[in-house]
Amino acid sequence: PKLRPQWRLPNALTHRGIGSDDLSRSFTLIKSDKDERLALANFKNMQVFMKDRLGSNIDRMALLDEVVDIAVSSFDIADETYIQVICQICDNPDEESLMLGWDLLHVLILEVRPSPILKWFVVRFLQIHLSESQEVGDGINVVPPDILDVFNRVAREDEDYYGIPM
C-alpha cells in the first residue's frame, strides 16, 4: 500500500487516544471513496474497542467482529486496518488499551491477510516488538509471545494454498 504524503513514517505511527482529532483521510491510498469511508468508520470502531474513544455500554466482542468483517471486505481496507492497529499500538500509554490492541492484531492475523508488500512490514513490526518484550504492571507481557509464529504459520498456509508468496 502507498502511504499518503502526510502519513510518512515515522510520524504516521502515532497512537491516537481519547480527545485526539479524528482521522479525516485514511493512512493509505484507497481507490474507492466508499472503501475509504468504511476504513475511517472502522478506525472509530477500533478506537472504541481499545477504549481509546468513549462508547457507552458497547459490546466489545461485537465491535471486534465488525472491525474484522469490514477489514475482509477489500484488500485496501485490510491493509488500512493493519496500519490503523499498528498506529494504535505504537506509543500507547494506556496498558488496557495496549493489551486490547495486541488482541485485535492477533485476531486480524488469524482472519485477514495483508497484501504481500505489507506482510513484510507486519513481520518486522512484530519482530521489533517481540524483542522489546513490553511488560506492564506485574510483569505481564502485552505482546502475545506466539504472535509472530501465528503470523508466519498463516502466511505459509496461504502460500501453500495460493501457490504464491503472501
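Keep in mind that what you see is a predicted model, and the values were worked out from it rather than measured. Values below: all heavy atoms of this structure, side chains included; hydrogens, waters and symmetry mates excluded.
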All heavy atoms of Ser26 vs all of Glu36, minimum pair found to be N-OE2, 3.0 Å
Keeping Glu80 on the side-chain end and Phe43 on the backbone end, is there a donor-acceptor pair under 3.5 Å?
no
Please work out whether the ring planes of Trp102 and Phe125 are parallel, tilted or perpendicular, with thresholds of 30° and 60°.
parallel
Apply side-chain contact (heavy atoms from CB on, under 4.5 Å) to Val48 and Arg60, showing your working.
CA-CA 8 Å; Val48 174; Arg60 296 213 182 287; 4.1 Å; yes
Under 3.5 Å, is there a donor-acceptor pair between the side chain of Asn42 and the main chain of Val67?
yes
Is it true that Phe27 and Leu108 fall in one hydrophobic cluster, defined by side-chain heavy atoms closer than 4.5 Å?
yes
Of the non-hydrogen atoms in Ala71 and Ile77, which two are nearest, and what is the gap between them?
CA-CG2, 3.8 Å
If only atom types and distance count, is the side chain of Arg113 paired as donor or acceptor with the main-chain N or O of Phe75 below 3.5 Å?
no
Under the criterion side-chain contact (heavy atoms from CB on, under 4.5 Å), I'd like the reasoning laid out for Leu126 against Val122: C-alpha separation, chi angles, the key distance, then a yes or no.
CA-CA 6 Å; Leu126 294 173; Val122 174; 4.0 Å; yes
So how far is it from Met50 CE to Glu96 CD, rounded to the nearest 0.5 Å?
10.5 Å
Can any side-chain N or O of Tyr82 pair as donor or acceptor with the backbone N or O of Ser115 at less than 3.5 Å?
no
Distance col, row Asp94:CG vs Lys51:NZ, nearest 0.5 angstrom, shows 8.5 Å
Please report the shortest heavy-atom distance between Val112 and Ala78, naming the atom on each side.
CG1-CB, 3.5 Å
Does the pair Asp69 and Ser73 meet the rule for a side-chain contact (heavy atoms from CB on, under 4.5 Å), with working shown?
CA-CA 7 Å; Asp69 288 346; Ser73 67; over 6 Å; no
Within this structure, what is the CE-OG1 distance for the pair Met46 and Thr81, rounded to the nearest 0.5 Å?
5.5 Å
Treat each ILVMFWY residue as a node, draw an edge where side-chain heavy atoms are under 4.5 Å apart, and state whether Ile70 and Val85 are in one component.
no
Quick check on the hydrophobic clustering: are Val68 and Leu38 connected, directly or via other members, by side-chain heavy-atom contacts under 4.5 Å?
no
So, does Gln47 use its side chain to make a donor-acceptor pair with the main chain of Asp52 at under 3.5 Å?
no
Rounding to 0.5 Å, atoms CD (Gln88) and CG (Leu104) come to a distance of 10.0 Å
Taken to the nearest 0.5 Å, the spacing of Leu63 CG from Met61 CE works out to 10.0 Å
To the nearest 0.5 Å, what is the distance between OG1 (Thr28) and CD (Gln84)?
8.0 Å
Starting from the C-alpha separation in whole Å, work towards a yes-or-no answer on side-chain hydrogen bond (donor to acceptor under 3.5 Å, both in side chains) for Asp35 and Ser74.
CA-CA 8 Å; Asp35 282 354; Ser74 87; 3.3 Å; yes
Would you sort out whether Arg37 and Asp33 count as a side-chain contact (heavy atoms from CB on, under 4.5 Å), showing the intermediate values?
CA-CA 6 Å; Arg37 285 190 302 274; Asp33 288 341; 3.7 Å; yes
